[in-house]
Amino acid sequence: PLSQCLNLYDFEVVGKQVLKPTAWAYYSSGADDEVTMRENSNVFGRIWFRPRILRNVSNINFATTMLGMKTTMPIYITATALGKLGHPDGEKNLTIAAGKTGIIQMIPTLASCSFDEIVDARINDQQVQFFQLYVNSNRAITEKIIRKAEDRGVKGLFVTVDAPQLGRREKDMRMKFDDTGSQVQNEGKDDVDRSQGAARAISSFIDPSLNWEDLQWLRSCTKMPICLKGVQTWEDAVLAAEAGLNGIVLSNHGGRQLDYARAGIEILEEVVTALKARNLWKPTFEVYIDGGVRRATDVLKAVAMGAKGVGIGRPFLYAYSAYGPDGVVHAINLLKAEMEMGLRLIGAPTLADLTPEMVDTRALGSHINPVPESHGSQIYQRLDTAIGM
Ligand code: HOC
């Protein structure tokens, strides 16, 4: 039963049990040897806390804002594709749960439900949604999608920039894509080859020519704040800030694109340092991370290091695949309870009290030697050969 799920890892176990093998393969797969996917979680184990004492932690408050919009915690539901592989109501499960718990959902371009269905599932007019954008080779289609998002009250645009070509997810490729639940916003492109996994079937319309010069065009399409999702170096973070964007997500696409890309939390330090050195570290340019976040302590580490918030994807997919929106609400409430305890024990009654000195990141740059596992093994091995320590 749901009450026995005590943390986000438990939803993965349940998800594997309830999902069809094709769905499990698509959701759980990472690129190549899945080294980055595992590292996304492992890297949090190299960051330690420096808790402070005697700080009056009777009242804990972790409400914050993202792109100026209120949220009850510094976590948003990040975009994940093909939601109906897990449950007939697909992404609407996430909308309902996000609304009930007061957090922000990022609507995916490649949702199974239509955009309107996901917007219509908002539980009230105040509910905030962002939109994750893949830029289509047909720019007119993209302009139409952006305009529609703005018209329907979406509050921020997150342009995915880490996927000019689909990563090689071999677990997924080994499955014949036989599910019928998807209505991807592929705008008439139905001649896709479905014989090599779900991902390959949906990705052929994405424009690999997208480049920095296109940002002006994107800016001209909308008044919504625009962020880049999938920034992986300080150099690109600086370019994004200089381009006048509103933020970035340090992300490697859940380890599904370039294997051996570093984890977002690992890049965060160099990004913050580079932005500060150039006077680009400002409240008007927000830095988010995603990837491998499973505990509120992961979130608190990221916030202490400068992140405005973090995105979580797969655990919520597993939660609704097994339990519908109640599963996602439960998962979010578990995180809220962990968050309250974490802040209290760290000695930071609010997120503003959580400062870089409260984390010890000295081990962060010491890459654990990642032995590639054979295709898609589910054992998240902890590897003990440290280089350079
Ligand atoms: C080149 C296009 O986010 C996934 C989804 C869809 C990826 C499309 C990439 O499977 O990771």
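Between the side chain of Asn93 and the main chain of Gly90, a donor-acceptor pair closer than 3.5 Å is present. Thr36 places no side-chain N or O within 3.5 Å of a backbone atom of Asp259 that could act as its donor or acceptor partner. Remark: side-chain polar atoms of Gln105 are not paired, donor with acceptor, to backbone N or O of Ile77 under 3.5 angstrom. Of the possible donor and acceptor atoms, one in the side chain of Asn252 sits under 3.5 Å from a partner among the backbone N and O of Gly255. A distance-only check finds no donor-acceptor pair linking the side chain of Asp33 to the backbone of Val35 [under 3.5 Å]. Side chain of Asn124 to backbone of Gln127: a donor-acceptor contact under 3.5 angstrom is found. Counting only distance, with no hydrogens or angles, the side chain of Arg344 and the backbone of Ser58 share a donor-acceptor pair below 3.5 Å.
Applying the side chain to side chain contact (heavy atoms under 4.5 Å, CB included) test to Thr72 and every residue at least two apart in sequence or in another chain returns Ile103, Lys336. Residues meeting the salt bridge (Lys or Arg N to Asp or Glu O under 4.0 Å) test with Glu150, sequence neighbours left out: none. Listed by chain and number, the residues in a side chain to side chain contact (heavy atoms under 4.5 Å, CB included) with Thr355 are Glu357, Met358 (sequence neighbours excluded). Legend: residues meeting side chain to side chain contact (heavy atoms under 4.5 Å, CB included) with Asn59, ordered by chain and number and at least two apart, are absent. Partners of Phe11 according to the ring pair (Phe, Tyr, Trp, His ring centres under 6.0 Å) rule, which considers only residues two or more places apart in sequence or in another chain, do not exist here. Partners of Asp162 by side-chain hydrogen bond (donor to acceptor under 3.5 Å, both in side chains), not counting sequence neighbours, listed by chain and number: His253. In terms of the salt bridge (Lys or Arg N to Asp or Glu O under 4.0 Å) criterion, Arg278 has no residue partners (sequence neighbours excluded).
Considering all non-hydrogen atoms of both residues, Ile141 and Asn136 come closest at CG2-ND2, 3.7 Å. When all heavy atoms of Val57 and Ala348 are compared, the closest pair comes out as CG1-N, 4.2 Å. Across all their heavy atoms, Ala97 and Ile332 have their closest contact at O-CD1, 4.2 Å. Smallest separation of non-hydrogen atoms from Ser251 and Asp290: OG-OD1, 2.7 Å. Between Leu215 and Ala243, the closest heavy-atom pair is CD1-CB, 4.0 Å. The nearest pair of heavy atoms linking Leu67 to Gly156 is CD1-CA, 4.1 Å.
Atom CG of Asn279 has 12 or fewer heavy atoms from other residues, nucleotides or ligands within 6.0 Å. Within 6.0 Å of CH2 in Trp212 there are more than 12 heavy atoms belonging to other residues, nucleotides or ligands. Enclosure of atom CG in Asp125 is not indicated, since only 12 or fewer non-hydrogen atoms of other residues, nucleotides or ligands lie within 6.0 angstrom. Under a cut-off of 6.0 angstrom, the local environment of CZ in Arg168 is sparse, with at most 12 non-hydrogen atoms contributed by other residues, nucleotides or ligands. Within 6.0 Å of CZ on Arg52 lie no more than 12 heavy atoms contributed by other residues, nucleotides or ligands.
Interatomic distance, CD of Gln129 versus CE of Met69, reported as 11.5 Å (0.5 Å rounding). Rounded to the nearest 0.5 Å, atoms OG1 (Thr22) and NZ (Lys171) are 13.0 Å apart. Note that the CE atom of Met224 and the CG atom of Leu218 stand 10.0 Å from one another [nearest 0.5 Å]. With rounding to the nearest 0.5 Å, the separation of CZ in Arg50 from OG1 in Thr361 is 10.5 Å. Residue Met66 holds its CE atom at 15.0 Å from CG of Asn246, rounded to the nearest 0.5 Å. Here the straight-line distance linking atom CZ of Arg147 with atom SG of Cys221 works out to 7.0 Å at 0.5 Å rounding.
In this structure the side chain of Asn40 never reaches within 4.5 angstrom of the side chain of Ile265, judged on heavy atoms. Using a 4.5 Å heavy-atom threshold, the side chains of Arg46 and Val43 count as touching. Phe44 has its side chain out of reach of Thr297: every pair of non-hydrogen atoms, C-beta onward, lies at least 4.5 Å apart.
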Solution key, residues 225-235 side-chain donor-acceptor pairs under 3.5 Å, sequence neighbours excluded:
unit_1 : atom_1 : unit_2 : atom_2 : d
Gln232 : NE2    : Gly230 : O      : 3.3
Thr233 : OG1    : Asp236 : N      : 3.2

Output side-chain donor-acceptor pairs under 3.5 Å for residues 304-321, partner residues at least two apart or in another chain, one line each.
unit_1 : atom_1 : unit_2 : atom_2 : d
Arg314 : NE     : Tyr27  : O      : 2.7
Arg314 : NH1    : Gly254 : O      : 3.3
Arg314 : NH2    : Ser29  : O      : 3.0
Arg314 : NH2    : Gly254 : O      : 3.0
Tyr320 : OH     : Gly83  : O      : 2.7
Ser321 : OG     : Leu317 : O      : 2.6

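Pairs of residues two or more places apart, or lying in two chains, that qualify as ring pair (Phe, Tyr, Trp, His ring centres under 6.0 Å) and include a residue from residues 135-167 are Phe130-Phe158.
For the residue pair Asn61/Thr350, the side-chain donor-acceptor check at 3.5 Å is not satisfied. In summary, the side chains of Gln257 and Arg169 do present a donor paired with an acceptor at a separation below 3.5 Å, with no hydrogens or angles considered.
Using a 4.0 Å cut-off between charged side-chain N and carboxylate O, Asp120 and Arg152 make a salt bridge. Using a 4.0 Å cut-off between a side-chain N of Lys or Arg and a carboxylate O of Asp or Glu, Arg294 and Glu338 do not qualify as a salt bridge. Between Asp116 and Lys148 there is a salt bridge, since at least one side-chain N of the basic residue sits less than 4.0 Å from a carboxylate O of the acidic one.
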Worked check of salt bridge (charged side-chain N to carboxylate O under 4.0 Å, His left out) between Arg139 and Asp214: CA-CA 11 Å; Arg139 297 289 167 93; Asp214 293 316; 3.3 Å; yes
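Under the 4.5 angstrom side-chain criterion for Ile, Leu, Val, Met, Phe, Trp and Tyr, the cluster partners of Met341 are Leu345. Ile53 belongs to a hydrophobic cluster whose other members, connected by ILVMFWY side-chain contacts under 4.5 Å either directly or through intermediates, are Leu54.
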